[in-house]
Structure formats: C-alpha cells, structure tokens
Amino acid sequence: MAKTSLGNDGEMGRRMSNPDAALEKMGYKSELPRSLSMMSILGLSFAIMAVPFGLSTTLAISLTDGQSVTVLYGWIFVSIISLSIAASLAEICAVFPTAGGVYYWSAMLSTKEWAPIVSWVDGWLGLVGNWTVTLSINFSGAQLILSAITLWNEDFVATQWQVVLMFWAVMAIAFLVNVFGAKYLDLINKICIYWTGASVIIIIVTVLVMSDDRRNAEFVFTHFDASASGWPSGWAWFVGLLQAAYTLTGYGMVASMCEEVQMPEREVPKAMVLSVAAAGVTGIIYLIPILFVLPDVSLLLEVGNGQPIGLIFKTATGSAGGGFALLFLILGILFFAGVGALTAASRCTYAFARDGAIPGSRLWSQVDKRFDIPLWALVLSAVVDCILGVIYFGSTSAFNAFTGVATICLSVSYGIPILVSVIRGRKAVRHSTFSLGKFGFFINIATIIWICLAIILFCMPTAIPVTPTSMNYASVVFMAFALISLVWYIIRGRKTFTGPPVPADFEAEQDGEIVGGMGKVTTSDNSADALRPQELSADKAVPELDGKPM
C-alpha cells in the first residue's frame, strides 16, 4: 500500500511561508497580487453576507411564514448550522488554499476516477451560486433604493423597467469599483466592518428611542402566525428559513480570494468562521429591536415593492426623513455587499475557467496586467447577472427565485467536498491546521443533512396557492444552468476536462487508493516517496486544453 508522502516541505497542512511556492505545488502559477489581509477577507465575507441588508430585504419571507418565531429562532438555528458548515469548509481550506475553492477541494478529496465529474459538478454549482448571490444582492438593492420613494409617496409602485434599469445601474457601480478601485479593495473590505457595526448600533438605538408603539416581549419571542403563507405551520417555519439561509451563504465564496492573501492556509479559514460567528451575533442584535417596533404585519406584507423595511423605519421614527436616514445606512451596506459579491464571483469564474470548464475559458482566465485583476471574468460575471435580471419582466417573484437558487447552489457546492471527505474517512484533513478533531465527523454529517433538506425547502414558494407570476422559479433557473453544464460537458468536458492539477506531494491512504490522484501522481505500493514536482513531466504537472495550460 502506498504511504503518505509529505514532500520536501512538510505536510500539506503545514504550508510554506512562501504562498506562491505552495500554490505552484498545487499546479498553478501565481498571477494575482497578494494584497489582502485576514481583516480584509473577514470584511469581504461579512460584506457578502451583509447581515442588516440581507435580513431587511428578505424580511417579507419570514413575516409571511411565521413572523417573530420564524424571524428570530430561524436566524439562530441557521446561524448554528452555518457555523458548522463554515468550520467544515475551513478545515479543508487550510489544506488546499486556492482560488478554486470548493471545486478544487472536491477533486483533491475524490478518487482518481470520480474526481473529474465531481469537480465539474461542484464547480458549476459554485459558479452559479456565486453569480446568483451577486445577482440577488444587487437586485434587492435596486428594489430597496426605489422603495425609498414610498416613504414620501405611499402610492408609488416601481414598474418592471424601473426596477431592472436600477438593477443594471447598481451592477455598473459594483463593476466599476472592482475595476478602477481594485487596489483599494483591501481598504473597502475593512471599512465594511466598521460601517456595518456602526449602522446596526445607530438603527437599534434610534428605533427603540423614537418609536411610540412597541410590541411586548411575548410577541417578540413567542408569536407565531403563518396564516398568510397557506402552508401548514411546521412546514411554513422551514420555508421561512430562506431569509436566514440566504443571508448566511457568502462565507464560502471568500475561498476564491486565497491567491490574493498572505498565508491563506491560516487567514482564510479563520476569516470564514469568524465572519459567520460575527454575522450570527449581529443578526440577533439587529432583529430583536426590529421585532419590538414592528408595525401591523398585514400592512407590511401589502407594500407594493416587497421591501417593508422602509415603512418600519418610517413608522418607528415618525417621519419620512428619519426613515430614509436609517434606510441610507442599509444602502451603504448594499454598496459593500454588491462590490464584494462581484469580486468573489469574478475570482470563482477565473479559477474555474483556468481549468477549462467554461466555454471561452482562454478569455475568462486572463489576468489584466493594468489592473491586476481577472478583468474578463469580471465582465462575464456582470453580464450574466444583468441578463438574468430580465427574468423580472416575467415574474414579480423573481427575487425569491434568485435567492433560492443562490442558496441551493452554494449550499450544495459546500456540501459536496464535505460529503466526499466523510466518505473517504476524513483522511485528507487529518493534518489540517484548522482541524475539527473528534467532533469533525458529527459536524460534517449534520451539515450534509441540513443541505439535503435545504434543496427541497428553497424550491418552495413563500406562499400558496401559486400563480405563474408568484411561483418560485429557483428550480427553473437551477435546471437551466444544469443543462448548460451538461451540454458543455458532452461537447467538450468529457474529452478534455481532467479537473484541476493535483500536487505531487499530496496523497492519502484509503483502501489502497490515492485521494485526489486523478492519474497525475504516480506512486509505488512499496515506496514511501511520491514523484516530486520537478520529476513530473509537463503534461502531468499541469493539464492542458487546446495545447495551452488551463
């Protein structure tokens, strides 16, 4: 049986002080500047989750499906689950810190025969999840901006064209900041932490001090009413978890930034877990005061734009101006969330294209030397989102579809490497510098069970009966991308795609097979040493597509 080879530089879990050399050992050339710190990655993850913004823009979902009990306890429940998922991913990330993220991890953890298809599926799920999270953040941001008008004109209802044009404008701002402000992303991400913290404090103090009418503690902590949903009470609570699950999804996306961080094997896993913990606490602090000053729920659910938070602020402060001042703080968080999500989505696109898995990969995998960013991957991410935004012309519940498919795709993409790791006996993460220890198996299993349930839950409409315009089209969007992925795999992937390059010094024993082998690492059953990187021929060290490295 082949023995585990640690290579000249020690275990894979104990990374070298030179991250570029470590990246080369994983088969990639470092092309992006390592200008981001742990605080920046923490800020980016926090920005993508955008707790006050995410909870505010999806509040109508949980108010429909149970009100206070769903809002508060749903958030606590999903926060615990998300922390478990983040910890599971962090454990793997500490071993494989590359921009490929979950897609790369799936290949490394699989057997050589399953690695290509597993990484292909996971890569497309992660890619679509990154795109649709960015889409949902900026689309709901456009709705929120237009909802500000209703603070002064309650009869105003934005037309479909107004919403889509505003969405395109928000996307344009996020795109331009990512291009021309690329060198300031580290600062922008750090500012996000302080802006979000200050906004939460200002909002909760203001609404509690200025509100004339407050709910009692019984309403805040025990009230449950799912009559507006049409679902049975228990099932309605689960459907309403979309609010919390959607908000707490972005932590895994920051793995795409590994190649822009010094010591990513330590800093990125830490940022993942800390950001979820901070988000969970922030959400509780934000939600409880909001529930205490909540106006009549039926009025909130009748708001034409589907964004009731502005009316809550207006009612609490007693004026349109006061309501807008608080809403402006939420819109500031939108800026950080929109920019951060597009940053992560572009890096995910770049990493997947680098391995030849997207049509036109040569273009999308280029790094623009003027801005030191994958410019064309950024363009593709923005254009795909702008095109998907037109779904709103056919369905007024398009936002629910965007949030649903984003949550499903990202959750499943997170779950695949965790599942593969469990099936393989968690051998690959035994030397992780972010080990979950003896609790790892149980934490992994709990997250897998939740993700399986989430696939069903978030394809459900918020309320029944369902009309063509109120249907949750998450499953339709999901299947459309699945079809694209399948067709491209048949046309090109099955012939040329072998998955990401595998490091020559990574092996793990299990039933005589090499984890992540994929035919690129040769070993002897009786030898303790694997073939070293310098001994690999070029075609084995880095897979090729059309004669060029992917």
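Only heavy atoms go into these numbers, but all of them, side chains included; no hydrogens, no water, no symmetry mates.
By the side-chain hydrogen bond (donor to acceptor under 3.5 Å, both in side chains) test, Ser227 is found to be paired with Asp225, residues two or more places apart in sequence or in another chain being considered. Ser275 meets the side-chain hydrogen bond (donor to acceptor under 3.5 Å, both in side chains) test with Ser45; sequence neighbours excluded. For Tyr246, the ring pair (Phe, Tyr, Trp, His ring centres under 6.0 Å) criterion is met by no residue, not counting sequence neighbours. Every residue two or more places apart in sequence or in another chain was checked for a side-chain hydrogen bond (donor to acceptor under 3.5 Å, both in side chains) with Thr206, and none qualifies. Partners of Phe221 according to the ring pair (Phe, Tyr, Trp, His ring centres under 6.0 Å) rule, which considers only residues two or more places apart in sequence or in another chain, do not exist here. Not counting sequence neighbours, the partners of Phe219 by the ring pair (Phe, Tyr, Trp, His ring centres under 6.0 Å) test are His223. For Ser485, the side-chain hydrogen bond (donor to acceptor under 3.5 Å, both in side chains) partners at least two apart in sequence or on another chain are Trp120. In this structure Gln162 satisfies the side-chain contact (heavy atoms from CB on, under 4.5 Å) test together with Leu146, Phe156, Ala158, Thr159, sequence neighbours excluded. In this structure Trp152 satisfies the ring pair (Phe, Tyr, Trp, His ring centres under 6.0 Å) test together with Phe324, sequence neighbours excluded.
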Inset, instruction - Would you sort out whether Ser381 and Val384 count as a side chain to side chain contact (heavy atoms under 4.5 Å, CB included), showing the intermediate values? - result: CA-CA 5 Å; Ser381 301; Val384 167; over 6 Å; no

Inset, instruction - In sequence, state the C-alpha distance, the side-chain angles, and the governing distance for Phe402 and Thr132, and then conclude on side chain to side chain contact (heavy atoms under 4.5 Å, CB included). - result: CA-CA 6 Å; Phe402 301 151; Thr132 50; 5.5 Å; no

Legend entry - Verdict with supporting geometry, Asp122 and Ser413, side-chain hydrogen bond (donor to acceptor under 3.5 Å, both in side chains): CA-CA 5 Å; Asp122 199 36; Ser413 73; 4.6 Å; no

Inset, instruction - Using the side chain to side chain contact (heavy atoms under 4.5 Å, CB included) rule, take Lys314 and Glu154 through it: C-alpha gap first, then chi angles, then the decisive distance, then the call. - result: CA-CA 11 Å; Lys314 179 182 177 180; Glu154 295 181 2; 3.4 Å; yes

Inset, instruction - Apply side-chain hydrogen bond (donor to acceptor under 3.5 Å, both in side chains) to Ser136 and Thr403, showing your working. - result: CA-CA 6 Å; Ser136 59; Thr403 56; over 6 Å; no

Inset, instruction - Go through the steps for Trp450 and Phe77 under the test ring-ring contact (aromatic ring centres under 6.0 Å, His included), then give the verdict. - result: CA-CA 11 Å; Trp450 160 251; Phe77 172 76; 5.7 Å; yes

Inset, instruction - I would like to know whether Phe313 and Leu151 meet side chain to side chain contact (heavy atoms under 4.5 Å, CB included); could you show each step before the answer? - result: CA-CA 9 Å; Phe313 290 159; Leu151 295 176; over 6 Å; no

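The CZ atom of Phe53 lies 8.0 Å from the CG atom of Leu331; values are rounded to the nearest 0.5 Å. Interatomic distance, Leu242 CG to Ser62 OG, rounded to the nearest 0.5 Å: 9.5 Å.
Among all heavy-atom pairs drawn from Val163 and Ala142, the shortest one is O-CB, 3.9 Å. The two residues Phe434 and Pro269 come nearest to each other via the heavy atoms CD1-CB, 4.0 Å. Here the closest non-hydrogen pair linking Ile202 and Leu326 is CG2-CD2, 4.4 Å. Residues Val297 and Gln67 come closest through the heavy atom pair CG2-OE1, 3.5 Å. Across all non-hydrogen atoms, the minimal contact from Thr249 to Ala245 is CG2-O, 2.7 Å. In plain terms, the two heavy atoms of Leu109 and Phe96 that are nearest each other are CD2-CE1, 4.2 Å.
Thr317 places a side-chain N or O within donor-acceptor distance of the main-chain N or O of Gly323, the cut-off being under 3.5 Å. Counting only distance, with no hydrogens or angles, the side chain of Trp168 and the backbone of Cys386 share a donor-acceptor pair below 3.5 Å. Listed for the Trp195 side chain is a donor-acceptor partner under 3.5 Å among the backbone atoms of Leu329.
Counting heavy atoms from C-beta outward, Asp65 and Trp237 have side chains that stay 4.5 Å or more apart. Residues Ile464 and Pro461 are in side-chain contact: their nearest non-hydrogen atoms beyond the backbone lie under 4.5 Å apart. With a 4.5 Å cut-off on side-chain heavy atoms, Leu410 and Asn130 count as touching. At least one side-chain heavy atom of Val412 sits under 4.5 Å from a side-chain heavy atom of Ile451. Contact of the Leu59 side chain with the Leu55 side chain is not registered, since no non-hydrogen atoms from C-beta on lie closer than 4.5 Å. Residues Leu248 and Ser79 have side chains in contact (heavy-atom distance under 4.5 Å, counting atoms from C-beta outward). Residues Ile203 and Ile330 are in side-chain contact: their nearest non-hydrogen atoms beyond the backbone lie under 4.5 Å apart. For the pair Arg215 and Leu291, the minimum side-chain heavy-atom distance is 4.5 Å or more.
Ser147 and Gln307 share no side-chain donor-acceptor pair at under 3.5 Å.
Using cut-offs of 30° and 60° for the angle between ring planes, the Tyr251 and Tyr414 rings count as tilted. Under the 30°/60° scheme for interplanar angles, the aromatic rings of Phe481 and Trp131 are found to be tilted.
Screening residues 84-95 for side chain to side chain donor-acceptor pair (under 3.5 Å) gives Ser88-Asn444, Glu91-Arg426 as the qualifying pairs, with residues at least two apart or on separate chains. The stretch residues 281-295 participates, sequence neighbours left out, in these side chain to side chain donor-acceptor pair (under 3.5 Å) pairs: Ser56-Tyr286. Among pairs with a residue in residues 318-335, none fulfils side chain to side chain donor-acceptor pair (under 3.5 Å), at least two apart in sequence or across chains.
For Phe238, the CZ atom sits in a loose shell: 12 or fewer heavy atoms of surrounding residues, nucleotides or ligands are nearer than 6.0 Å. Environment of CZ in Phe224: crowded, with over 12 heavy atoms of neighbouring residues, nucleotides or ligands closer than 6.0 Å. Within 6.0 Å of atom CZ in Phe393, more than 12 heavy atoms from other residues, nucleotides or ligands are found, so the atom counts as buried in its surroundings.
When ring centroids are compared, Tyr392 and Phe139 come within the 6.0 Å threshold.
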